[in-house]
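This report concerns only the one structure given below.
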Amino acid sequence: PTNIPKRACLQAQIGLCPGLEADMTSLKDYRRNLNMLIRYITGKRKSLVSDIEKEMKRAAKEKRYEEAASLRNKLFALKKLDSRTIFGDRESIDISKDKGLVELSKLLSIDVPRRIEGFDISHMQGTDTVASMVVFTAGVPDKSQYRKFKSRIKGNDDFAHMREVIMRRFSESNVKKWGNPDLILIDGGKGQVSSALTVLEETGINIPLIGLAKRFEEIIIPHRVIAKDSQYEKANPSKDINNKKPNSNLIAKDSQYEVQILDANSDALKLLQRIRDESHRFAVSYHSTLKRGRQSASVLDEIPGIGPATRKKLIRHFGSVSAVFSAKQTEIQKLIGKSKANILARHLIKT
């Protein structure tokens, strides 16, 4: 554009902008650096480091020493960044400094949890039921580890669906592929927690599991998780069980569970809320995708002479029902034959 100034902006002068407008960085280098950043953010760190090392050695061999030095500095910067940023289970970080994780470990009397998995169920009146599994590594969302499950159980029994997803998540094959978390967070109250807990007990898996109920942000903690001599309890003595103020800790207790409400400013509560909200978002997103697909497919279901195999072929080829309807007749004929293409065309004319 002609309105871009030809002088370096303040950000460029202090090193926070590449300075394209002042030719401080060429467009080619800018795009190359941007591509490298995208690779790093999307988890391709190892291949990026390997490519930079090869390029650095090549530049040094060809006596392009300034370029080799610049690449060397980039490598140093990447390695320094690695000690602070999480992209996978093998990255290093001092999680003992994370206030939310430390507070959570004291609350439950467990080691500081590195990997936390959150689970939620989503459906609409018992249809298109799905479950989500989100993963937070060292308190940070690790989206490459997210998983989604389409329920095999019909109806709107949240307890049954929760039991199903936990059973599938901790099947022998999935444990081998994904490993085990240090803590499980269930979006729900005692019913959902009990359903998930039953699966762990039946399979002999000993992983701390808690729930976070939405209405009052109550933390549901099975007695098998929290110890009697909890460090958190010592530092935060429980208030009267009838005291419902937000800064109360223990508010209810029965033979199986403790129900606790943490202060609204608690770092542990904020961390649990982030995980719970993310698992809910991911579940709702998957549910919406399935619902749209089912609604679109139902349009083709109403056309006599267009069976399941043909519908599947059309959707797979064109990508969506709307794309089928906007496709050329010759292309549809080539895919499903002239006879069925004519049936489809007649239906489109009627509608």
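For the numbers below, each heavy atom of this structure counts, side chains included, while hydrogens, waters and symmetry mates do not. Everything numeric here is computed off the predicted structure, so don't read it as measured data.
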If you look at every heavy atom in Gln329 and Ala341, which pair is closest and at what distance? NE2-O, 3.1 Å
How many angstroms lie between CG in Asp182 and OG in Ser105, if you round to the nearest 0.5 Å? 11.0 Å
Here the gap from Leu185 atom CG to Met133 atom CE, rounded to the nearest 0.5 Å, amounts to 13.0 Å
Would Arg147 and Trp178 count as a side-chain contact (heavy atoms from CB on, under 4.5 Å) if you check the C-alpha gap in whole Å, the side-chain angles of each, and the deciding distance to 0.1 Å? CA-CA 10 Å; Arg147 298 293 182 268; Trp178 308 333; 3.3 Å; yes
Heavy-atom pair of closest approach, residues Gly188 and Ile220: O-CG1, 4.2 Å
Min side-chain heavy-atom separation Asp98-Val102 under 4.5 Å: no
Tell me whether Lys340 at atom NZ has more than 12 heavy atoms from other residues, nucleotides or ligands lying less than 6.0 Å away. no
Applying the 4.5 Å side-chain criterion to the ILVMFWY set and letting contacts propagate, would Ile184 and Phe159 be lumped into a single cluster? no
Got Phe136 and Pro181 here, is their nearest side-chain heavy-atom distance under 4.5 Å? no
Ser194 and Thr198, any side-chain heavy atoms less than 4.5 Å apart: yes
Side chain to side chain contact (heavy atoms under 4.5 Å, CB included) with Ile166: of Ile205, Thr203, Ile186, only one passes, and it is Ile186
The test is side-chain contact (heavy atoms from CB on, under 4.5 Å); show your working for Glu117 and Arg169 and say whether it passes. CA-CA 10 Å; Glu117 294 182 0; Arg169 160 58 183 101; 2.8 Å; yes
Is any side-chain heavy atom of Val165 closer than 4.5 Å to a side-chain heavy atom of Ile121? yes
Could you tell me which non-hydrogen atom of Leu269 sits nearest to which non-hydrogen atom of Ala264, and how far apart they are? CD2-CA, 4.1 Å
Step through the shown structure and confirm whether more than 12 heavy atoms of other residues, nucleotides or ligands are within 6.0 Å of CD on Glu62. yes
Check Asp142, Leu101, Val134 against Ile116 for a side chain to side chain contact (heavy atoms under 4.5 Å, CB included) and give me the one that passes. Leu101
So does Lys214 have more than 12 non-hydrogen atoms from other groups sitting under 6.0 Å from NZ? yes
Does Leu262 form a side-chain contact (heavy atoms from CB on, under 4.5 Å) with Ile219? I'd like the steps, not just the answer. CA-CA 8 Å; Leu262 301 183; Ile219 303 175; 3.7 Å; yes
So do Gln333 and Asn342 actually touch side chain to side chain, heavy atoms under 4.5 Å? yes
Is it true that Lys57 and Glu53 have a side-chain N and a carboxylate O under 4.0 angstrom from each other? no
Under the side chain to side chain donor-acceptor pair (under 3.5 Å) rule, what pairs show up with a residue in residues 271-280, not counting sequence neighbours? Asp120-His280, Tyr146-Glu278, Glu217-Gln273, Glu217-Arg276, Glu278-Arg281
Nearest atoms (heavy-atom pairs only) where Leu335 meets Leu314: CD2-CD2, 3.9 Å
Counting only heavy atoms not in Lys177 (residues, nucleotides, ligands), do more than 12 fall under 6.0 Å from its NZ? yes
Within the side chain of Ser195, is there an N or O that forms a donor-acceptor pair under 3.5 Å with the backbone of Gly191? yes
Measuring only between side-chain heavy atoms, which start at C-beta, is Thr310 closer than 4.5 Å to Leu344? no
Between NZ on residue Lys270 and CG on residue Asp263, distance to nearest 0.5 Å: 9.0 Å
Return the NE2 to CD distance between His223 and Gln256, rounded to the nearest 0.5 Å. 8.0 Å
Side chains of Thr137 and Gln145, donor plus acceptor under 3.5 Å: no
When you measure from the side chain of Gln192 to the backbone N and O of Asp158, does any donor-acceptor pair fall under 3.5 Å? no
Atom pair CD1/NZ of Ile221 and Lys253 - distance to nearest 0.5 Å: 11.0 Å
Over 12 non-hydrogen atoms of neighbours within 6.0 angstrom of CG in Asp51: yes
For the residue pair Leu104 and Leu183, what are the closest heavy atoms and their distance? CD2-CD2, 3.6 Å
Tell me, with the steps shown, if Ile275 and Leu212 meet side-chain contact (heavy atoms from CB on, under 4.5 Å). CA-CA 10 Å; Ile275 299 171; Leu212 183 61; over 6 Å; no
Please list, chain by chain and in numerical order, all residues satisfying salt bridge (charged side-chain N to carboxylate O under 4.0 Å, His left out) with Glu67, sequence neighbours excluded. Arg64
Are Val130 and Lys148 packed together at the side-chain level, in the sense that at least one heavy-atom pair is separated by less than 4.5 angstrom? no
Can you tell if the side chain of Glu103 reaches within under 4.5 Å of the side chain of Leu271, non-hydrogen atoms only? no
Please enumerate all residues that pass salt bridge (charged side-chain N to carboxylate O under 4.0 Å, His left out) together with Glu202, with sequence neighbours excluded. Arg163
How many angstroms lie between CD1 in Ile153 and CE in Met162, if you round to the nearest 0.5 Å? 12.0 Å
Okay, side chain of Asn174, backbone of Arg168: is any donor-acceptor separation there less than 3.5 Å? yes
Quick one: does Arg115's side chain have a donor or acceptor within less than 3.5 Å of a partner on Val135's backbone? no
